[in-house]
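All values derive from a computational prediction rather than experimental measurement. Every heavy atom of this structure was used, including side-chain atoms; hydrogens, water molecules and symmetry mates were not. Chain A is the first sequence line, chain B the second, and so forth, proteins listed ahead of strands; every chain is numbered from 1.
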2 protein chains.
Amino acid sequence: MNEPAGRRERKKAATRQKIADTALRLFLERGYGAVGIRDVAAEADVAVTTLFSHFASKEALVFEQDQGFEQGLVRAVADRTPDDPLIPALRREIHAQVRHCAAPGAAPVRNMIDSSPSLREYEESMRLRHAESLAAAIAADLGVPETSTACRTIARFATDAYALAREAADPQAAVDEIFRMIEAAWEASRLG
Amino acid sequence: MNEPAGRRERKKAATRQKIADTALRLFLERGYGAVGIRDVAAEADVAVTTLFSHFASKEALVFEQDQGFEQGLVRAVADRTPDDPLIPALRREIHAQVRHCAAPGAAPVRNMIDSSPSLREYEESMRLRHAESLAAAIAADLGVPETSTACRTIARFATDAYALAREAADPQAAVDEIFRMIEAAWEASRLG
DNA sequence: ACCGTAGCACTAACGGTTAGCTTTATGTAT
DNA sequence: ATACATAAAGCTAACCGTTAGTGCTACGGT
């Protein structure tokens, strides 16, 4: 997206991308567990330490662009019009994320993640981070303290909706079903 | 509790207990990160492989008796009287678990867990397992398929309540606040 | 042209975890 | 009682993700 950066930054980004691409390719070819960090580094023609200077862990190689999801949640709350109610805005965002992950092209990756306990666990801990950010965004939007239990609860419920819907037979319908529950929970809270 | 077992099982249980006790003592003395698996094994006078035949991971040493919590949740649903409504029963159980973990004696262990990212992550993944079991128990209790989205949602919300309450300023009040929301969510679901 | 430093390489190691195989002790059938 | 089958524990050695330490090189700002 942003080309006009210096040579250094472009090279760094290129190295990062090459590592991520190589990793994903090898993982899909031979299986996540059957590919070692040293394999990825060798195939991408970088040192192991270089790989770890770009990615914090082996699992992070798979979730290269998870920032998009986190930012999406935060923006769904922060960047909405003043008369746009909170919960439906969240519901639309979760809908979009579920749709994105249920796209046919994403099937092999999803399958890989679902069959690796380590990756599943990593994804869950990611979702917790997302919930924290979302809680902060909601609290800021409403002008209540960041530690507000109601905000943190709604944030958790929303990220739960994503995880639960993905495992449901009809993900889109599941999002709607869960958000009917969340809507009720929200109205029952002090803030609704 | 169950003494009259064979010698073999008693010895096995004794070994397991000795490992767990030694581990917890060392962790509290020197800090979780500063104690290696080899240290624990040496101090408990067992081989490293023996330790791993009793505990699946280093983190599992800390959560030795988590089965109690999982069973507590399941029993809170399954073993209640027929006229006892579901959500209040769950609320009472979560209340009890939060109280148990907020007990003064548990403070050092809680503190240790909270300061280790690895332990925090492990605890979260434990809670997910608990939510799965709870969802199954709820589904069985209501006679609906185990994959029911509403059941799985309520189960997640309940385990979320535990995690959120523990981090709140007034845990007991937080449980009540969150359960008012869960009650509303439940009534808005197809099953409520 | 020069210097500070970001990025990367290399080696070596640490720490959790597992595989492979041997030994000891227990329960059971003869 | 004896012998066999097997569960529990042991030992060694390694695998694999991850990090520390160190130095080199090329880019960017002055």
Side-chain angles (χ1 to χ4, degrees), chain A residues 2-24 26-27 30-64 112 116-123 125, chain B residues 2-24 26-27 30-64 112 116-123 125:
Chain A
N2 295 344
E3 303 298 336
R7 190 165 321 177
R8 196 121 92 184
E9 297 179 30
R10 270 186 292 118
K11 285 198 178 183
K12 182 173 182 177
T15 302
R16 179 191 164 92
Q17 199 59 43
K18 184 174 186 181
I19 294 171
D21 292 347
T22 305
L24 198 55
L26 291 187
F27 289 160
R30 310 181 202 163
Y32 179 76
V35 177
I37 286 289
R38 291 162 178 87
D39 299 330
V40 176
E43 185 87 5
D45 199 27
V46 296
V48 171
T49 47
T50 300
L51 188 154
F52 277 109
S53 79
H54 287 275
F55 298 92
S57 68
K58 185 186 182 185
E59 293 87 38
L61 288 166
V62 174
F63 298 95
E64 193 224 341
M112 178 180 80
S116 159
S118 150
L119 286 175
R120 289 180 70 100
E121 192 166 333
Y122 184 86
E123 189 179 19
S125 79
Chain B
N2 294 343
E3 303 298 337
R7 188 165 321 177
R8 206 177 237 169
E9 296 178 31
R10 269 185 293 118
K11 284 199 177 182
K12 183 174 182 177
T15 301
R16 180 192 163 92
Q17 198 59 42
K18 185 174 186 181
I19 294 172
D21 292 347
T22 304
L24 198 56
L26 291 187
F27 289 160
R30 309 181 202 165
Y32 179 77
V35 178
I37 285 290
R38 292 164 178 86
D39 299 329
V40 177
E43 184 87 5
D45 198 29
V46 296
V48 171
T49 46
T50 300
L51 188 155
F52 277 109
S53 79
H54 285 275
F55 299 91
S57 68
K58 186 186 181 185
E59 294 88 41
L61 287 166
V62 175
F63 298 95
E64 192 226 341
M112 177 180 82
S116 159
S118 150
L119 287 175
R120 289 179 71 99
E121 192 165 334
Y122 185 86
E123 189 179 18
S125 79

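Of all the residues in residues 35-49 of chain B, B:V35, B:G36, B:I37, B:R38, B:V48, B:T49 reach under 4.0 Å from DNA chain C with at least one non-hydrogen atom.
Between A:L26 atom CG and D:dC16 atom P there is a gap of 15 Å when expressed in whole angstrom units. Atom pair B:R8:CZ and C:dA25:C1' shows a separation of 7 Å (rounding to whole Å applied). If you measure from atom CG of A:L51 to atom P of D:dT18, you get 9 Å, rounded to the nearest angstrom. In this structure, B:E9 atom CD and D:dA9 atom P are separated by 12 Å, rounded to whole Å. If you take NZ of B:K12 and C1' of C:dT24, they are 16 Å apart, rounded to a whole angstrom. When the C1' atom of D:dC27 is taken as reference, atom NZ of A:K11 falls 8 Å away, rounded to whole Å. In this structure, A:K18 places its NZ atom 13 Å from C1' of C:dC8, rounding to the nearest Å. Summarising the geometry, the separation between NE2 on A:H54 and P on C:dA6 is reported as 14 Å, rounded to the nearest angstrom.
Contact between the side-chain N/O atoms of A:T50 and the OP1/OP2 oxygens of C:dA9 is found at a separation under 4.0 Å. The phosphate of C:dG7 (OP1 or OP2) has no side-chain N or O of A:T15 nearer than 4.0 angstrom.
When every heavy atom of A:R16 is checked against every heavy atom of A:H54, the shortest pair comes out as NH1-O, 3.2 Å. Across all their heavy atoms, B:S57 and B:F52 have their closest contact at CA-CE2, 4.0 Å. In plain terms, the two heavy atoms of A:D39 and A:A34 that are nearest each other are OD2-O, 4.2 Å. Contact between A:A44 and A:K18 at its shortest, heavy atoms only, is O-CE, 3.5 Å. Closest of all the heavy-atom pairs between A:V40 and A:A23 is CG1-CB, 3.8 Å.
Relative to the ring axis of B:Y122, B:K58 does not place its NZ or CZ within 45° and under 6.0 Å from the centre.
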